[in-house]
Amino acid sequence: MSEIVTRFAPSPTGYLHIGGARTALFNWLFARGRGGKFLLRIEDTDRERSTPEATAAILKGLTWLGLDWDGDVVSQFDGKDRHAEVAHEMLARGTAYKCFSTQAEIEAFREAEKARGVSYPVFLSPWRDADPATYPDAPYVIRMKAPRTGQTVIDDKVQGKVVIQNPTLDDMIVLRSDGTPVYMLAVVVDDHDMGVTHVIRGDDHLNNAARQQMVYDAMGWKVPVWAHIPLIHGPDGKKLSKRHGAVGLEEYQAMGYPAAAMRNYLARLGWAHGDAEFFGDTEAKEWFSLEGIGRAPARLDFKKLENLSGQHIAATADADLLPEILAFFGAAKLPEPSQPQKDGLVRALFSVKERAKTFTELIEKAHFVLTSRPISMDEKAAKSLDPVSRSILSELTPQLQSVSWERDKLESVVAGVAEAHVMGLGKVAGPLRAALAGRAVTPSVFDMMLVLGREETLARLKDLAD
RNA sequence: GGCCCGUUCGUCUAUCGGUUAGGACACCAGGUUUUCAACCUGGGAAGAGGGGUUCGACUCCCCUACGGGCUGCCA
């Protein structure tokens with residue numbers, strides 16, 4: 001058994017689409033789990049729509065997602081001479097021919113057929129079997145001489161055997177009149193030349209596979225294993241589009257989802273391994289198989305993503321979490337934290353990582369170490385600091401001055417004050433929370449005091465008294 | 001229009017002819033609780049519809065409905 005080679009081949013027409021990211025992930029998991037290679041090729045043969053910025057965005061997205069590719073990024077456009085060469089080889093083999101029909105002629109043919117009630121006009125070029133002696137001195141395209149009868153069977157690992165009737169397919173153009181290759185030819189040539197053994201891609205290419213398989217056959221090349229995966233839909237079940245919100249992968253990073261959670265979630269979208277829900281790369285690589293891919297399109301479910309995200313944040317070691325959080329600041333276009341803020345974050349991490357579902361939530365809860373005196377109060381915090389509460393806090397202050405700065409000691413001091421006023425701990429914790437963080441949603445007040453230290457804690461309480 | 005693909009709880013899915021159709025997220029109720037989150041207990045919730053095949057169909061076949069894809073000298 002030879003080595004497995006997969007590839008991801010996006011068009012550089014914008015950002016990295018979330019569906020594309022999943023396709024890339026599947027290819028990556030399949031190759032990496034079997035000691036194979038995962039290649040990256042940019043399908044930039046459409047010069048008008050391809051931009052270097054888009055290519056950069058795709059590489060950036062893949063890098064963030066943690067999908068590393070083997071070798072250099074291949075530009076499909078760079079292979080245009082090779083593609084043309086193959087087209088001419090097909091010509092020489094008699095599996096392709098020059099077609100001098102103009103676009104206007106073809107258009108007119110389609111119009112006429114439709115007017116006659118033919119719903120799907122198949123253009124049959126008059127040049128298919130023409131005598132070269134009759135060739136005019138005019139621009140021409142090279143068309144593949146596709147089989148006119150019989151059927152083409154795509155043996156797909158996800159969709160099963162898909163049968164296409166050959167007469168429904170016209171002789172597709174492989175080389176345009178300006179000598180540039182068409183995508184359908186370029187993919188096949190590139191996949192063959194790159195040694196791709198498994199083509200895992202969106203099922204919008206399922207029909208294309210038939211024509212591509214014809215090219216493989218025409219050139220006498222080995223057909224790769226096909227696996228056409230269903231597309232991802234929006235939460236409403238419709239095709240994913242911008243109105244659904246996040247379609248670009250970078251938006252997910254900006255929303256504060258860790259890459260590991262994205263990999264986990266995306267892997268489970270349209271693929272399953274029994275009841276496994278929460279897992280890391282090691283398991284995913286080991287478990288991933290083409291057989292486990294579902295046949296129906298899956299919808300995006302942000303609630304589930306969020307849940308997985310929270311689990312991953314909680315399960316990640318502090319040391320690994322920090323660089324990700326710092327990268328998040330950049331992705332979310334937040335000002336880079338200062339050194340003291342970073343230090344505070346490190347000390348506070350234990351108190352926030354298990355209660356944050358995203359990095360956005362995490363830094364919101366870590367606000368108490370990111371802010372500095374005087375603490376500004378949000379509305380809810382200000383509301384909890386009524387005169388009664390303030391006076392209770394002022395009673396607390398002297399006791400905190402002398403207590404040993406340990407969690408259980410702090411707890412008993414605060415509980416003691418609450419008891420003295422015949423109230424629950426919550427009645428004291430609320431205002432205390434506000435005093436320390438200026439917010440109503442924070443980690444445990446005791447954790448905050450521990451992180452802040454005696455001096456800062458007292459200073460924040462004292463600010464309130466003034 | 002034609003061709004191709006799909007259809008299990010609200011969502012992601014398990015099941016690969018014989019199960020009380022399982023899990024996860026979400027939701028509801030209760031518990032725990034210093035806020036949030038987490039956690040514990042319990043609950044409601046599914047095989048699109050119709051025909052076959054079979055001793056027996058969510059699983060196999062056909063039809064319908066619905067959804068998606070393709071139908072370019074785009075990728």
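Every chain is numbered from 1, with letters handed out A, B, ... down the list of sequences. The structure presented is a predicted model; accordingly, all values stated were derived computationally and were not measured.
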Judged by each residue's nearest nucleotide on RNA chain B, which is more toward the 5′ side, L231(A) or P10(A)? L231(A)
Given the P atoms of A21(B) and A48(B), what is the spacing between them in whole Å? 16 Å
Rounding to an integer number of angstrom, what distance separates A24(B) and U8(B) when you compare their C1' atoms? 15 Å
Given U34(B), G68(B), U11(B), the nucleotide with the shortest approach to the side chain of H233(A): G68(B)
Which value, in whole Å, describes the distance between the P atoms of nucleotides A45(B) and U64(B)? 33 Å
What is the nucleic acid contact for Q159(A), judged by heavy atoms within less than 4.0 Å: base, sugar-phosphate only, or nothing? sugar-phosphate
May I ask you to say what A440(A) touches in the nucleic acid, namely base, sugar-phosphate or nothing, with a heavy-atom cut-off under 4.0 Å? base
Assert yes or no for the condition that the ring centre distance of F8(A) to F38(A) is strictly below 6.0 Å. no
Does V162(A) reach a base, just sugar-phosphate, or nothing at all? Heavy atoms under 4.0 Å. sugar-phosphate
Nearest-angstrom distance, C1' atom, C12(B) to U7(B): 15 Å
If only side-chain N and O atoms of R110(A) are considered, is one of them under 4.0 Å from the OP1 or OP2 phosphate oxygen of G72(B)? yes
Which residues in residues 348-363 of chain A have a heavy atom closer than 4.0 Å to any atom of RNA chain B? E354(A), R355(A)
State whether the distance check finds a donor on one side and an acceptor on the other, under 3.5 Å, for side chain K303(A) versus base C25(B). no
Between D171(A) and the options R211(A), K145(A), R148(A), R143(A), the salt bridge (charged side-chain N to carboxylate O under 4.0 Å, His left out) test singles out R148(A)
For the side chain of D301(A), counting heavy atoms from C-beta on, which of A14(B), C73(B), C25(B) is nearest? C25(B)
Given RNA chain B, 5'-ward residue of the pair H273(A) and D178(A), judged by closest heavy atom: H273(A)
May I ask you to say whether R460(A) pairs ionically with E456(A), meaning some side-chain N is under 4.0 Å from a carboxylate O? yes
Could you tell me whether R22(A) contacts a base, only the sugar-phosphate backbone, or nothing, with contacts defined as non-hydrogen atoms closer than 4.0 Å? nothing
